[in-house]
Every structure is written in structure tokens, then in C-alpha cells.
Colleague: 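Can you keep this structure in mind? I'll have questions shortly.
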Amino acid sequence: MRQAKAHQKELFGPDNVFSTPKPENLMQRILDLSTTEEDLVLDSFAGSGTTGAVAHKMGRRWIMVELGEHCHTHIIPRLKKVIDGEDKGGVTEAVGWQGGGGFRYFHLAPSLLETDKWGREVINKAYNAEMLAEAMCKHENFTYAPSDAVYWQHGHSTERDFIYVTTQTLGPDQLQQLSDEVGPDRSLLVLCAAFRGAADRWPNLTVRKIPSHIKNRCEWGHDDYSLKVENLPKASPRPEPAPAPTHQKAAGQPDLFGGKGGGK
Ligand SMILES: C[S@@+](CC[C@H](N)C(=O)[O-])C[C@H]1O[C@@H](n2cnc3c(N)ncnc32)[C@H](O)[C@@H]1O
């Protein structure tokens, strides 16, 4: 135990908030008994990241989830040392670990929908217009590219297919005006809080309400919540000055809103 504490002190300094660190060799024993190489180890309360660090050194794949800031203060620096072969403590020697591998880091946005006091699903107030437009573009596989000149062009899927996201309730007059501006050679997906009139009246517009539309595309209420790992988006560099979220072979993954706030 004294050795484990010394290892944690070496990793995180004297002000380490974790007063009861799990010794790496205890975790090694657990993983030895319950997993084999390449297995996936999940710790959804990651803390200082001992589970992931040991799993990594033992050639297991891992997923860690953490609510607090320890992700930046503890876990990422610790796993970087493991990967760089700079963490000489814990089970490093026992398992013959010399470094290697990598990881991806995702910062989760707050839930897009929340329930209001009447039990209706509404757009979370934490989302400003820009965040909402970017989130909806991601959901719809549109490229987020708001136009300075055309207010309804928030993104595009092709040169002629655009998306417009608004928290307004749109009436027939506004939809008609949109349809006129889009014209016969282009199409527009309109995602709004609500609309009045028949949505199929304009052939160049597809009009949908955001809350019900999002709800239909989520897994909520289904029995199968399996994570489709092959559908994960490709990692791309995270803009500075946000802290480097990934390491080595796996490049950085921008958070949903380019690092502009949100929950974990
Ligand atoms: C005691 S630590 C975990 C220690 C770690 N699993 C180990 O074996 O050394 C518990 C951690 O869970 C995190 N946590 C608590 N609730 C959470 C939640 N709902 N989602 C993710 N992390 C959470 C806390 O922030 C804390 O860092």
C-alpha cells in the first residue's frame, strides 16, 4: 500500500485528491482473473484512472467515464505517461510494459432535450442558437457551415441541399418566403420548434419539429442500447488552446461545440 501511495504521489503530486487509490497490483489481479488480452474493460467511475492504466499496460482495451475534472487533472496526464513508457511504477515492471498504444477522448454535450414543467420535451436552455444548429447538423449528417450572407443556410449536405435550424414557430408566410428564396433548384431541411400549416405544401422544403424529430432518432425507449463502435466518427485535431485530449496514434476529437462549454 505504501508503494501504491508513493506511485500515486509520483503521478499526481502531494495534493492528490484520491485518498484511497487502488493499488495497481490489486487491479492487475482482478484483470488477470477476469479478462484476457484485447478484452474491453469498462470503468464508468474512472477517478484517477487506475483501471485504464493497468488495463492498458496489460494489453486490454478500455473505456473510462468520468464526471469530474479528474479527466484533465489526472487521467489524461497519467495515460500519456503510460503510453510514452514514462510511468515506471505500479505493475509496469511486473507486466513488462514499455509503452505504446493510444486513446481517444470525447467530451459529451448536455442533453439536447429536457422536459418542461408541463411534461413536454423542449430544447435544453443550455443550447444557444449556434450550438443547436451545429448539433442538428451532426444529427442530420450535414456539414455545419453557417453562411454570413444567407440566414437560412446553416449547413449543407450537397451543393444544393441546405439545413436551417431555428427555435421559432414558423407560420405559412415565413415558410412561403423561405421556399421562394430557396427556389426550384435547391432544397432545404427546416428544423424548427414548431410550425403551422401543411408541411408538405412546399416541394423544396422538408419541415420538421426539432423535439419529436430528435426523439425519433434516439435509442430512448428501445431495448437495445448497444454501442455501435464502428459508427464512431473519425478523430480529427482538437483546436487550441483546449487541452490535448488524445495521444499518440489516435488523433484528437473535437467536442460537439468546438470546446464552447457543455457538460461531461
Ligand atoms: C472513487 S472514484 C473511482 C475510483 C476508480 N474507479 C478506481 O478504481 O481507482 C469515483 C469517481 O466516480 C466519479 N463519478 C461519480 N458519479 C459519476 C457519474 N455519474 N458518471 C461518471 N463519473 C462519476 C467521481 O467523480 C469519482 O472521480
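Index from 1, following the sequence. Note that this is a predicted model, so its numbers are computed, not measured. Whatever order the structure lists them in is the order used to number ligands and atoms, beginning at 1.
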Colleague: Among residues two or more places apart or on two chains, list those pairs meeting ring-ring contact (aromatic ring centres under 6.0 Å, His included) that have a residue in residues 160-191.
Modeller: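 Matches after skipping sequence neighbours: Y151-Y164, W152-F162, H154-Y164.
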Colleague: Can you tell whether the side chains of E114 and K125 come within less than 4.0 Å, N to carboxylate O?
Modeller: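 Between K125 and E114 there is a salt bridge, with a charged N closer than 4.0 Å to a carboxylate O.
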Colleague: Using 4.0 Å as the upper bound for N to carboxylate O, is an ion pair formed by K57 and E24?
Modeller: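 Salt bridge: yes.
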Colleague: With heavy-atom distances below 4.0 Å as the criterion, list the atoms of ligand 1 near D43.
Modeller: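 Those atoms are 5 (C), 6 (N).
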Colleague: Suppose I only count heavy atoms of H70 and a 4.0 Å limit; which atoms of ligand 1 are within that range?
Modeller: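 That gives atoms 25 (O), 27 (O) of ligand 1.
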Colleague: Should M27 be counted as touching ligand 1, given the test is an N or O pair under 3.5 Å?
Modeller: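 By distance alone, the answer is no.
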Colleague: Taking only residues two or more places apart in sequence or in another chain, which ones pass side-chain contact (heavy atoms from CB on, under 4.5 Å) with Q98?
Modeller: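 With neighbours one apart ignored, the set is empty.
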